[in-house]
Amino acid sequence: MKPWCKAGGTPLTSVEVDSSAMTLLLGYVKLTDSTFAAAVLCIAFNPLFWNVVARWEHKTRVLSRVCGSPYTACYCLGAVILLLNFIRSHCFTEAMRSQPKLEGLDCLYVYYAGLAVLGIGFLFVISSFLALGFIGTFLGDYFGILKEEKVTSFPFNVMDNPMYWGSTACYLGWSIMHASPAGLLLTAVVAVSYMIAMLYEGPFTEEIYQQKQKAAKNK
């Protein structure tokens, strides 16, 4: 029988293929495992945290007043986000280690393919950070620290939100290297959490810069 066909040779639809792949994946993953649940919570919490805190700061300027300046406040929030991301990565790795491997992925060629994906993701994350700087990366716009013009250099000339997609690729590559179905499922959770964050961050950031333009015109 051909791959991805029903009995009798009838091809599966894309929805059925996705369903079959997900069923296969879930067969290797213990969703009730405490380390897996901890990883899911960390993945979901992080973007929620920084979006809520940054919007609160944009509305109230409390952090800037407490820290003495918006720059110091932004550096403090950035440090907290880095710590949360470290905890997320640790929980992600522990969840993979506590779950079985997928035999079909546990080979040298797949390992190096995962390493390549990890490297590409790392490239996008680092190049995004270098293009934006610390302040730009960690929501400086919300602290009133606005850039003079939109960043259009690499990797922003290749895709939108390269930091988020690069981070997702890092987790994907890490999961492939470990032949981990749990890691692949958690990577999907990472992608969904980032996509939700982008739905809120993009329009709000655009609004911040529109307010800046209006203020400049009124001067």
Side-chain angles (χ1 to χ4, degrees), residues 37-92 121-122 124-171 186-219:
V40 171
L41 287 175
C42 285
I43 291 167
F45 174 77
N46 285 14
L48 175 65
F49 168 80
W50 69 61
N51 272 286
V52 169
V53 172
R55 288 196 179 210
W56 174 67
E57 164 62 16
H58 180 262
K59 183 178 181 180
T60 66
R61 301 299 187 212
V62 169
L63 293 179
S64 294
R65 291 198 297 271
V66 170
C67 294
S69 78
Y71 286 90
T72 304
C74 186
Y75 280 118
C76 289
L77 178 61
V80 173
I81 292 173
L82 286 172
L83 176 61
L84 289 174
N85 286 346
F86 174 80
I87 294 172
R88 177 182 63 182
S89 296
H90 172 73
C91 291
F92 190 104
F122 190 72
F124 277 105
V125 170
I126 294 300
S127 58
S128 298
F129 180 81
L130 293 176
L132 293 172
F134 191 96
I135 296 292
T137 299
F138 294 105
L139 304 165
D141 326 75
Y142 293 69
F143 291 81
I145 310 170
L146 305 181
K147 291 186 172 294
E148 292 300 321
E149 56 185 20
K150 185 177 181 179
V151 176
T152 56
S153 59
F154 181 84
F156 293 90
N157 58 352
V158 176
M159 66 172 69
D160 293 329
N161 303 294
M163 177 74 76
Y164 283 162
W165 293 122
S167 177
T168 303
C170 286
Y171 283 114
L186 287 172
T187 299
V189 178
V190 170
V192 170
S193 69
Y194 279 155
M195 285 189 287
I196 293 172
M198 284 184 270
L199 289 175
Y200 287 93
E201 289 177 14
F204 195 76
T205 303
E206 289 292 334
E207 182 181 342
I208 290 174
Y209 280 92
Q210 286 173 4
Q211 291 173 356
K212 176 191 175 183
Q213 291 173 353
K214 289 179 181 178
K217 289 178 180 179
N218 293 332
K219 286 184 178 180

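Reckoned from all heavy atoms, side chains included, excluding hydrogens, waters and symmetry mates. Because the structure is a prediction, the values reported are computed rather than measured.
- Screening V53, N51, N46 for a side chain to side chain contact (heavy atoms under 4.5 Å, CB included) with F49, the sole residue that qualifies is V53.
- Taking the side chain as every heavy atom from C-beta outward, L132 and K147 approach each other to under 4.5 Å.
- The environment of CZ in F122 is sparse: at most 12 heavy-atom neighbours from other residues, nucleotides or ligands sit within 6.0 Å.
- Closest non-hydrogen pair, G121 versus A169, comes out as CA-CB, 3.7 Å.
- Atoms CZ and CZ, on R55 and F204 in that order, are 5.0 Å from each other to the nearest 0.5 Å.
- The local environment of OH in Y200 is sparse, with at most 12 non-hydrogen atoms from other residues, nucleotides or ligands closer than 6.0 Å.
- Under a cut-off of 6.0 angstrom, the local environment of OH in Y71 is sparse, with at most 12 non-hydrogen atoms contributed by other residues, nucleotides or ligands.
- In this structure, the side chains of Y209 and E149 stay at 4.5 Å or more apart for every pair of heavy atoms.
- Listed here is the closest heavy atom pair of S64 and P70: OG-CA, 3.3 Å.
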*I would like to know whether F156 and M163 meet side-chain contact (heavy atoms from CB on, under 4.5 Å); could you show each step before the answer?*
CA-CA 9 Å; F156 293 90; M163 177 74 76; 5.9 Å; no
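- You'll find the ring centres of F124 and Y164 outside the 6.0 Å limit.
- In this structure, OH in Y142 is found 15.0 Å from NZ in K59, a value given to the nearest 0.5 Å.
- Taken to the nearest 0.5 Å, the CG atom of D141 stands 12.5 Å off from the CD atom of E207.
- With hydrogens and angles left out, the side-chain atoms of T168 and Y194 include no donor and acceptor closer than 3.5 Å.
- The aromatic rings of F92 and Y171 sit tilted relative to each other, their planes meeting at an angle between 30° and 60°.
- Between H90 and F86, the ring planes lie parallel to each other; the angle is under 30°, not in the 30° to 60° tilted range.
- The two atoms that bring F154 and S127 nearest to each other are CE2-OG, 3.6 Å, heavy atoms only.
- Taking every heavy atom of both residues into account, V62 and E57 meet most closely at N-OE1, 3.3 Å.
- Of the inter-residue distances, the one linking L186 atom CG with R88 atom CZ reads 11.0 Å to the nearest 0.5 angstrom.
- Of all heavy-atom pairs between L139 and C74, the closest is C-SG, 4.4 Å.
- We find the CH2-CD distance between W50 and E201 to be 7.0 Å, quoted to the nearest 0.5 Å.
- A 6.0 Å sphere centred on CG of D160 holds no more than 12 heavy atoms belonging to other residues, nucleotides or ligands.
- S167 and V125 get closest at one heavy-atom pair: N-CG2, 3.4 Å.
- Put simply, the side chain of I135 does not reach to within 4.5 Å of the side chain of F143, judged on heavy atoms.
- Taken from CG in L82 to CD1 in I87, the straight-line distance is 11.5 Å, to the nearest 0.5 Å.
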